[in-house]
*Asks:* 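What follows is a single structure, and I will ask about it in a moment.
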2 protein chains.
Amino acid sequence: MPRRTRRQVLDELALAGRAHSTGVVLFHAALAAKQGLGPTETKALDLLERLGPMTAGEFGTRTGLAPASITGLIDRLEQKGFAKRVKDPADGRRVLVEYDPASSKRFAPHFMGFMKDLEALYEGYTLEELEVVRRFLVEVAEIQTEAAVKLNELP
Amino acid sequence: MPRRTRRQVLDELALAGRAHSTGVVLFHAALAAKQGLGPTETKALDLLERLGPMTAGEFGTRTGLAPASITGLIDRLEQKGFAKRVKDPADGRRVLVEYDPASSKRFAPHFMGFMKDLEALYEGYTLEELEVVRRFLVEVAEIQTEAAVKLNELP
DNA sequence: CCGTTTATTTCGTTCCATCGAAAGAACTAA
DNA sequence: TTAGTTCTTTCGATGGAACGAAATAAACGG
């Protein structure tokens, strides 16, 4: 008979998961605020970073914004130095929006302390344990992202 | 000599961490959108849920909003059924804002599938592994929340 | 009691992100 | 070359969330 039942451990894990999620959200919100970015801009930059350069039109469909709004959005991102417009060499009508990688470095100082703390944290785990954690994170990420997509498209 | 060096595992872990964070943010944003909540309202509800009932004034300082804005915010939350006003029995000038727990149940259906998938995921882990993951999540949550606080107060 | 202080709301205004419609620029095909 | 199509931007308008200042309501201290 284990000291804690599996159910107990699972419940505690769920609690830990909530706490962790809250931490993630708080951190992201704080970082966005520090960068002077609104919710839409944050989301947009995330898209650019993950999917790479895209046309203004595609940017619009992916963010769900009207064409006119996209122009304003790109204007703001450009003015704040997070993205830039590049004329599509193949088609002069199109404008490619691309993420400026320098912008991530610009805010690296804010990350440094956090990164250091994480590295220190890792010291308390064996290689095997880290591998378990990695697998868990990847699998949860997949489920969660899928759930988010379903939420968005369902109703 | 291990098949993968510790450094490699750590790098992969960092990558997994990023993917997971993205998933968390996407899911939260999708859920908020489905509930018809704006960024401020989401943040405010999170405060109420974590810290319990508080006066309108305290609510204002915690959210960083002006008194006039708080009234509107509470109005919206109340109208949407996520919170309610309660007269402070000890001081008639004050208004306590409290989270309505029923509102979380109201959106439970959207969680169900996600929860089921998570439970299924847990089946692939031993009790010891789940405990490792729990510890990791708790420790990271602490570091991350602390980092968020620092980000907010620093400049 | 009566003036003062504290807590919230009301009021009128401002700012900003978004929108629809139309204009402008560039490719395509006949 | 020109007519039609596609992509982005400009323009003017709208709505919502935030603000400061004044108004209201309740507690507190003389």
Side-chain angles (χ1 to χ4, degrees), chain A residues 29-30 32-48 51-100 152, chain B residues 29-30 32-48 51-100 152:
Chain A
K34 181 131 308 294
Q35 293 171 323
L37 293 173
T40 305
E41 291 155 7
T42 306
K43 189 173 150 195
L45 275 182
D46 197 58
L47 275 175
L48 281 186
L51 304 179
M54 63 185 79
T55 67
E58 186 183 355
F59 204 39
T61 60
R62 285 199 187 273
T63 54
L65 268 60
S69 310
I70 291 298
T71 299
L73 173 59
I74 302 176
D75 285 348
R76 276 174 275 147
L77 290 178
E78 213 170 23
Q79 185 169 0
K80 292 172 184 174
F82 291 96
K84 62 174 192 283
R85 284 181 170 85
V86 177
K87 276 184 100 72
D88 187 333
D91 186 339
R93 295 167 300 179
R94 300 190 195 189
V95 169
L96 293 176
V97 191
E98 57 183 43
Y99 179 73
D100 181 354
N152 280 324
Chain B
K34 180 130 308 295
Q35 293 173 322
L37 294 174
T40 304
E41 291 155 7
T42 306
K43 189 173 150 196
L45 275 182
D46 197 58
L47 275 175
L48 281 186
L51 305 178
M54 63 186 77
T55 67
E58 186 183 356
F59 203 38
T61 60
R62 286 200 187 273
T63 54
L65 267 61
S69 311
I70 290 298
T71 299
L73 173 60
I74 302 177
D75 285 348
R76 277 174 274 147
L77 291 178
E78 214 169 22
Q79 184 169 2
K80 292 171 184 173
F82 290 96
K84 60 175 195 281
R85 284 181 170 87
V86 177
K87 278 184 100 73
D88 186 333
D91 186 338
R93 295 167 301 178
R94 300 189 195 187
V95 169
L96 293 176
V97 192
E98 58 182 42
Y99 179 72
D100 182 354
N152 280 325

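Sequence lines set the chain letters: A, B, ... in the order given, protein chains first and strands last, and positions in each chain run from 1.
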*Asks:* Is any side-chain heavy atom of A/Glu58 less than 4.5 Å from a side-chain heavy atom of A/Leu51?
*Replies:* no
*Asks:* Let me know the distance between CZ of B/Arg85 and C1' of C/dT9, rounded to the nearest Å.
*Replies:* 8 Å
*Asks:* Can you build the contact string for nucleotides 12-20 of chain D? Use B for base contact, S for sugar-phosphate-only contact, and - for no protein heavy atom under 4.0 Å.
*Replies:* -----SSBB
*Asks:* Of A/Ile70, A/Leu77, A/Thr71, which is the lone residue that meets side-chain contact (heavy atoms from CB on, under 4.5 Å) with A/Ile74?
*Replies:* A/Ile70
*Asks:* Reckon A/Gly57 touches a base, only the sugar-phosphate, or nothing at all at heavy-atom distances under 4.0 Å?
*Replies:* sugar-phosphate
*Asks:* With a 4.5 Å limit on heavy-atom distance, are the side chains of B/Val86 and B/Arg94 in contact?
*Replies:* no
*Asks:* Does A/Phe82 reach the side chain of A/Glu41, with side-chain heavy atoms less than 4.5 Å apart?
*Replies:* no
*Asks:* How far does CG of B/Leu65 sit from OG1 of B/Thr40, to the nearest 0.5 angstrom?
*Replies:* 6.0 Å
*Asks:* Starting from C1' on C/dC16, measure out to CG on A/Leu37 and report it in whole angstrom.
*Replies:* 15 Å
*Asks:* Whole angstroms only, please: what is the NZ-C1' distance between B/Lys87 and D/dA26?
*Replies:* 9 Å
*Asks:* Using salt bridge (charged side-chain N to carboxylate O under 4.0 Å, His left out) as the criterion, point out the one residue from A/Arg85, A/Lys84, A/Lys87 that pairs with A/Glu98.
*Replies:* A/Lys84
*Asks:* Taking N or O atoms only and anything under 3.5 Å, show me the protein contacts with nucleotides 27-30 of chain C, one pair per line.
*Replies:*
| unit_1 | atom_1 | unit_2 | atom_2 | d |
| --- | --- | --- | --- | --- |
| C/dC27 | OP1 | A/Gly92 | N | 2.5 |

*Asks:* Figure out the CG/P separation between B/Leu96 and C/dA7, and round it to whole Å.
*Replies:* 13 Å
*Asks:* Grab the CD1-P distance between B/Ile74 and C/dA7 for me, whole Å please.
*Replies:* 14 Å
*Asks:* Flag the pair A/Asp46 / A/Lys43 as yes when at least one side-chain heavy-atom distance between them is below 4.5 Å, and no otherwise.
*Replies:* no
*Asks:* Starting from P on C/dT8, measure out to CG on B/Asp75 and report it in whole angstrom.
*Replies:* 14 Å
*Asks:* Atom CG of B/Asp88 and atom CZ of B/Arg93: how far apart are they, to the nearest 0.5 Å?
*Replies:* 9.5 Å
